[in-house]
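What follows is a set of notes on a single structure, which appears directly below.
Atom set for the values below is all heavy atoms of this structure, side chains included, hydrogens, waters and symmetry mates excluded. Naming: A, B, ... by sequence-line order, numbering from 1 per chain.
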2 protein chains.
Amino acid sequence: MDQGTQKRRGRRAAGEDTKSALLAAAREVFVERGFDGATVRMIASRAGVDAAMVNHWFGSKEGLFAQAVLQVPIDPNELVRRLLDGPADEIGYRIVRTFLTIWDATGGGQFVALIRSVTSHEGVAKVLREVFLNTIFKQITTELGLDQSELRATVCATQMVGLGMVRYVVHFEPLASTPVETLVGMIGPTMQRYLTGPLA
Amino acid sequence: MDQGTQKRRGRRAAGEDTKSALLAAAREVFVERGFDGATVRMIASRAGVDAAMVNHWFGSKEGLFAQAVLQVPIDPNELVRRLLDGPADEIGYRIVRTFLTIWDATGGGQFVALIRSVTSHEGVAKVLREVFLNTIFKQITTELGLDQSELRATVCATQMVGLGMVRYVVHFEPLASTPVETLVGMIGPTMQRYLTGPLA
DNA sequence: TCTAGTTTTCAACAGATGTTGAATATGTGC
DNA sequence: GCACATATTCAACATCTGTTGAAAACTAGA
């Protein structure tokens, strides 16, 4: 038999960072299957290591999920600053463009993982609420000095969450393949009205 | 010991329809936990019967899910007819009002169950696409004789799916508690523009 | 080279899961 | 009443889950 394919025990050469390999594999599998659907053995297998490595490096499946998916990859304040930078009557367009650009870069990765884990995982709904709503939209609505800022923020959330769902999770065509700028032209006015327009 | 609480074997009195009890319990549990999160034992326990009844009456967990959640409770054609009945320049408002009214009646039940099962269950994304998109929105857009009917249909889907997500799944306040007619006034114009307005 | 420390695999665990076959108790038709 | 059909529970199954303790293999320093 081919001994080369056998897994060898013991410490490896310093280069093969298995911790990073696990994080990368975990992001993939959590995106595909959600927290419950993903198994420690799947993740370890894809990373090419034993399942026990998850507990060794991250303590538990939970710890791996927290480090792989639950942390926000970009600074929310920096994001809000970027969104507010420009004419106020075009902020709706900038929001759609910015989110789609960020999400498209990873195929919707983190967003999909969160959605797919809403059931299983405790912190997911909280993270969605905190980051997506409180940290971003509520900050924008208050910064712009709008009335009914909470309601405006949540209505904005409906449109953006739905956009992410349809484009990345359920893949409704042709929207899933529509260019970003086309969607900006269609959905931008909606966001603009939700933010600065009359609500009735 | 109290013999009354003991479970008795054998055929029961004709009145206690355990099949219906299982269906009702299944809807509850599938809504709360999704397909994977729900266990046969949970459902059976809530229905007050043994877990083996699921396989006896529905063949498998899969079969129970299909009959409890995956089937559409209302006739899509009837729904489309109802939505098209009225002035064309108010159909966006009617769509929002109709969906919210139907969903609110069950606390978003079926919608939540589908969303919570998107990961686990094969047919869920297909059902969402078929019913929600092809059967309803595409039918409306073509019936109204609009250009780019597919794209309009999917954009409408983003808004309605997102509305359902925020109101019933992640419960963002204050939107989750906002009266239907307020939301109709806010989101109705969006749907109207997605359907009959200019897209650029 | 010897020793200490760390990384990794291995083997096993305890619990939960969907499913199945048999035993049992109840109805129903004669 | 008696025989048959069936609804129901029970017990067990094989499998999969996350986790753990220990053994093994490797690296690094003295």
Subject >> Parallel, tilted or perpendicular, as decided by the 30° and 60° cut-offs, for the rings of B:F111 and B:W103 >> reply: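 It falls in the tilted class, 30° to 60°.
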**OP:** For DNA chain C, find the residues of residues 20-33 of chain A with a heavy-atom distance under 4.0 Å and give them by number; none if there aren't any.
**Re:**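 Heavy-atom contacts with DNA chain C come from no residue of residues 20-33 of chain A; none.
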Figure out the [atom1]/[atom2] separation between [X] and [N], and round it to whole Å.
X     : N      : atom1 : atom2 : answer
A:D50 : C:dT6  : CG    : C1'   : 16 Å
B:K19 : D:dA7  : NZ    : P     : 10 Å
B:D36 : D:dT15 : CG    : C1'   : 15 Å
A:R41 : D:dT20 : CZ    : P     : 13 Å

Original post:
So, B:K61 side chain and B:V54 main chain: donor-acceptor pair closer than 3.5 Å or not?
Top reply: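 No, because the side chain of B:K61 does not come within donor-acceptor range (under 3.5 Å) of the backbone of B:V54.
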Partner residues of [X] under the side-chain contact (heavy atoms from CB on, under 4.5 Å) criterion, sequence neighbours left out:
X     : value
B:N77 : B:D75, B:Q139
A:M53 : A:L22, A:V49, A:H56, A:W57
A:V96 : A:L100, A:M160, A:L163, A:V184, A:I187, A:M191
B:Q71 : B:R27

Please, which pairs that meet salt bridge (Lys or Arg N to Asp or Glu O under 4.0 Å) have at least one residue in [range], sequence neighbours excluded?
range                       : result
residues 108-119 of chain A : none
residues 161-185 of chain A : A:R97-A:E181, A:D104-A:R167
residues 130-141 of chain B : none
residues 185-194 of chain A : none

**OP:** Can you pull out how bent the helix from C:dT1-D:dA30 to C:dC13-D:dG18 is, comparing the axes over its first five and last five pairs, to 10°?
**Re:**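 The value is 10°.
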**OP:** Can you sort out which residues in residues 52-70 of chain B have a heavy atom within less than 4.0 Å of DNA chain D? Ascending by number, please.
**Re:**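 DNA chain D contact set from residues 52-70 of chain B: B:A52, B:M53, B:H56, B:W57.
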Original post:
Between C:dT9, D:dG18, C:dT17, which one does the side chain of A:T39 approach most closely?
Top reply: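 Of all the options, the side chain of A:T39 is nearest to D:dG18.
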Original post:
For A:R46, what residues pass the salt bridge (Lys or Arg N to Asp or Glu O under 4.0 Å) criterion, not counting sequence neighbours?
Top reply: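 A:R46 satisfies salt bridge (Lys or Arg N to Asp or Glu O under 4.0 Å) with A:E28, A:E32 only.
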**OP:** Check whether any side-chain nitrogen or oxygen of B:T18 sits under 4.0 Å from OP1 or OP2 of D:dT8, and answer yes or no.
**Re:**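 Looking at the OP1 and OP2 atoms of D:dT8, one of them is under 4.0 Å from a side-chain N or O of B:T18.
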